[in-house]
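Atom set for the values below is all heavy atoms of this structure, side chains included, hydrogens, waters and symmetry mates excluded. In this text the structure is predicted, and so the values were computed from the model without any measurement. Atoms within each ligand, like the ligands themselves, are counted from 1 in listed order.
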Amino acid sequence: MSRYDESQNIKQNTPKHVAIIMDGNGRWAKARGKKRTSGHKAGVERVREVVEAAGELGVSSLTLFAFSSENWSRPQEEVSFLMELFVIALNREVKMLRKNGVRLQFLGDKSRFNPKLQSSINKAEEATADNEHLTLNIAANYGGRWDICNAVNKLLASKPDLERVEESDIEPFLATAGLPALDLMIRTGGETRISNFLIWQAAYAELYFSELLWPDFDADAFKAAVDDYSKRQRRFGKTGEQVVEKMSLNAE
Ligand code: FPP
């Protein structure tokens, strides 16, 4: 038998941490002659489906970009709708998250959210804090550059005499501290940008772009992305030969 078994490979190569830029809600709604907000509503249903699929596949951490630091500049009506949608979804889904062993965490600067949303976030985080099957990270009022600056500021506050900063000094202060390294970043909606999402964490992540608009990105589409990832050879700066040699040694 080959030392490199295909079916084993797919299982072993399941990404531990997947991040998604959920793009295309507005276009999905427009194509149906509806308001942009109905696209966001439809998007929430896909969030639920993809969370379930991630849990089934053995992904241990899923990070969703729900609202960027730049999204505040959208029309006021849309911003208010999204805030209200987050409150409704949080309050409605917390039971399901508890039942399925999902721990919910928010990444981002929560201080700008209204008190009602902050309270729903805190309650949902507390209610699911002991769950271990899957960590669902909702990035909201999040930006990658903010994350890095915030980490550096926290580092300086904890070590005011610091003269030089190493990469390993920053990691523990990032919003993703304690989570597995990011393996796979997916973007839906046909655009091929990272848009200031997890820019530090994505340094060695595999990227996957889907033409599907987020409300059309179902469990099968998510599974296809994970399957695509599991067949790739990750190098982390090494040559292809070095990676194959390491895989052979691991298989012995
Ligand atoms: C991007 O599509 C989508 C957003 C900015 C909002 C994403 C939010 C959700 C899917 C709801 C998530 C809810 C929870 C509870 C996590 P777009 O509006 O930029 O679409 P467009 O590019 O077609 O205009």
Which residue and heavy atom of the protein sit nearest [atom], plus the separation:
{"atom": "atom 19 (O) of ligand 1", "value": "Arg74 NH2, 2.8 Å"}
{"atom": "atom 9 (C) of ligand 1", "value": "Asn25 ND2, 3.9 Å"}
{"atom": "atom 6 (C) of ligand 1", "value": "Ala66 O, 3.4 Å"}
{"atom": "atom 4 (C) of ligand 1", "value": "His40 CE1, 3.9 Å"}
{"atom": "atom 23 (O) of ligand 1", "value": "Arg27 N, 2.7 Å"}
{"atom": "atom 1 (C) of ligand 1", "value": "Met22 O, 3.1 Å"}
{"atom": "atom 24 (O) of ligand 1", "value": "Arg36 NH1, 3.0 Å"}
{"atom": "atom 15 (C) of ligand 1", "value": "Ala89 CB, 3.7 Å"}

Next item on the list: With heavy atoms only and a cut-off of under 4.0 Å, state how Phe86 meets ligand 1: side chain, backbone, both or neither.
Entry: side chain
Would the distance check show the side chain of [X] and the main-chain N or O of [Y] forming a donor-acceptor pair, the cut-off being under 3.5 Å?
{"X": "Ser61", "Y": "Pro180", "answer": "no"}
{"X": "Asp183", "Y": "Lys16", "answer": "yes"}
{"X": "Asn122", "Y": "Ser119", "answer": "no"}

Check: Can Asn13 and Tyr229 be counted as having a side-chain donor-acceptor contact under 3.5 angstrom?
Finding: no
Margin query: Quick test of your reading of the structure: of Val51, Asp23, Asn71, Val44, whose heavy atom lies closest to atom 11 (C) of ligand 1?
Written below: Val44
With a 6.0 Å cut-off (strictly less than), is the heavy-atom count around [atom1] of [X], excluding the residue itself, greater than 12?
{"X": "Lys223", "atom1": "NZ", "answer": "yes"}
{"X": "Glu77", "atom1": "CD", "answer": "no"}
{"X": "Lys123", "atom1": "NZ", "answer": "no"}

Margin query: Show the atoms of ligand 1 that are less than 4.0 angstrom away from any heavy atom in Ile138.
Written below: 16 (C)
Next item on the list: Start with the C-alpha gap between Ser195 and Arg187, add the side-chain angles, then the distance that decides, and say whether side-chain hydrogen bond (donor to acceptor under 3.5 Å, both in side chains) holds.
Entry: CA-CA 10 Å; Ser195 296; Arg187 182 175 185 142; 2.7 Å; yes
Check whether any N or O atom of [X], backbone or side chain, sits under 3.5 Å from an N or O atom of ligand 1, and answer yes or no.
{"X": "Trp214", "value": "no"}
{"X": "Gly24", "value": "yes"}
{"X": "Val47", "value": "no"}

Margin query: Checking side chain to side chain contact (heavy atoms under 4.5 Å, CB included) between Met185 and each of Ile194, Thr63, Ile20, which is the one that passes?
Written below: Ile194
Margin query: I'd like to know whether ligand 1 has Lys30 as a neighbour, heavy-atom separation below 4.0 Å.
Written below: no
Notebook entry, point to check: Are Glu191 and ligand 1 in contact, using a heavy-atom cut-off of under 4.0 Å?
Noted result: no
Next item on the list: Classify the angle between the aromatic ring planes of Tyr142 and Trp146 as parallel (below 30°), tilted (30 to 60°) or perpendicular (above 60°).
Entry: perpendicular
